[in-house]
Amino acid sequence: MDRLDSPRRRAPWHLWVVGIFALLWSCGGAVDYYFTQTENEAYLSNFTEAQLDFFLSIPAWVVAFWAIAVWGGVLGAILLLAKRKAAVWVFLASLVGLIITAFHNYVLADGLSVMGDAFSLGFTAAIFLLSLGFFFYARAMARRGVLV
């Protein structure tokens with residue numbers, strides 16, 4: 001049985017809620033990534049001098065994983081809304097990109113000293129938990145036959 005013949009289960013209502021939320025959430029990360037990478041003056045004026053130095057000195061390999069995390073989240077959400085199984089793997093790549101980026105920022109580069117306030121740590125934890133949730137949700141929908 002090929003993909004065109006495979007049975008597709010009707011998408012539950014919550015797929016749309018999760019998919020739209022994931023897309024909006026990921027677009028927020030994409031805006032942050034874009035404005036940081038293009039060194040948008042108005043956006044970067046919200047950063048402290050230490051934060052600015054930190055973010056503008058991130059090595060290219062970390063920026064690459066950050067891009068995978070951010071744009072993978074956007075693409076994963078779009079694929080989820082399109083009911084495509086590839087959403088699972090794209091969300092997984094996004095999660096891996098996030099873990100590598102966070103490891104660099106908080107462990108290798110001592111980002112805790114620059115952005116280690118309670119809000120920043122909580123927000124990073126929220127990003128991780130939501131990314132993990134999007135991956136597990138897409139995987140569950142694929143296993144139920146909703147994603148093909």
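Just so it is clear, the structure is predicted and the values come from calculations on it, not from any experiment.
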| request: Return yes if some donor-acceptor pair links the side-chain N/O of Thr124 with the main-chain N/O of Ser120 below 3.5 Å, else return no. | output: yes
| task | Among residues two or more places apart or on two chains, list those pairs meeting ring-ring contact (aromatic ring centres under 6.0 Å, His included) that have a residue in residues 94-122. | result | Trp61-His104, Phe119-Phe123
| message | Using 0.5 Å steps for rounding, measure from the CG atom of Leu112 to the CG atom of Asp110. | response | 6.5 Å
| task | Kindly compute the distance separating CD (Glu39) from CG (Leu44), expressed to the nearest 0.5 Å. | result | 7.0 Å
| Backbone N/O of Phe54 and side chain of Ser57: donor-acceptor pair under 3.5 Å | yes
| Donor-acceptor pair, side chain of Ser131 and main chain of Leu95, under 3.5 angstrom | no
| said: Looking at every heavy atom in both Ala87 and Leu79, which two are closest together, and how far apart are they? | reply: CB-CB, 3.7 Å
| task | Determine, using the 4.5 Å side-chain heavy-atom cutoff (strictly less than), whether Leu121 and Leu108 are members of one ILVMFWY cluster. | result | yes
| field | From CG (Leu56) to OG1 (Thr36), nearest 0.5 Å | value | 8.0 Å
| note | The reported gap from OH in Tyr137 to CG in Leu15 (rounded to nearest 0.5 angstrom) is 4.5 Å
| field | Atom CH2 of Trp89: over 12 foreign heavy atoms under 6.0 Å | value | no
| request: Quick one: pull up CZ in Phe136 and CG in Leu92 and give me the separation to the nearest 0.5 Å. | output: 9.0 Å
| task | Mind telling me whether Tyr33 and Trp66 have parallel, tilted or perpendicular rings, with 30° and 60° as the class edges? | result | perpendicular
| Is there a donor-acceptor contact under 3.5 Å from the side chain of Ser94 to the main chain of Gly72? | no
| said: Ring centres under 6.0 Å, that's the criterion: do Phe35 and Tyr43 meet it? | reply: yes
| field | Atom CZ of Phe65: over 12 foreign heavy atoms under 6.0 Å | value | no
| field | ILVMFWY cluster, Leu75 and Leu98 together (side-chain gap under 4.5 Å) | value | no
| message | Is it the case that atom OH in Tyr34 sees more than 12 heavy atoms from other parts of the structure closer than 6.0 Å? | response | no
| field | same_hphob_cluster(Val146, Phe91) at 4.5 Å side-chain heavy-atom cutoff | value | yes
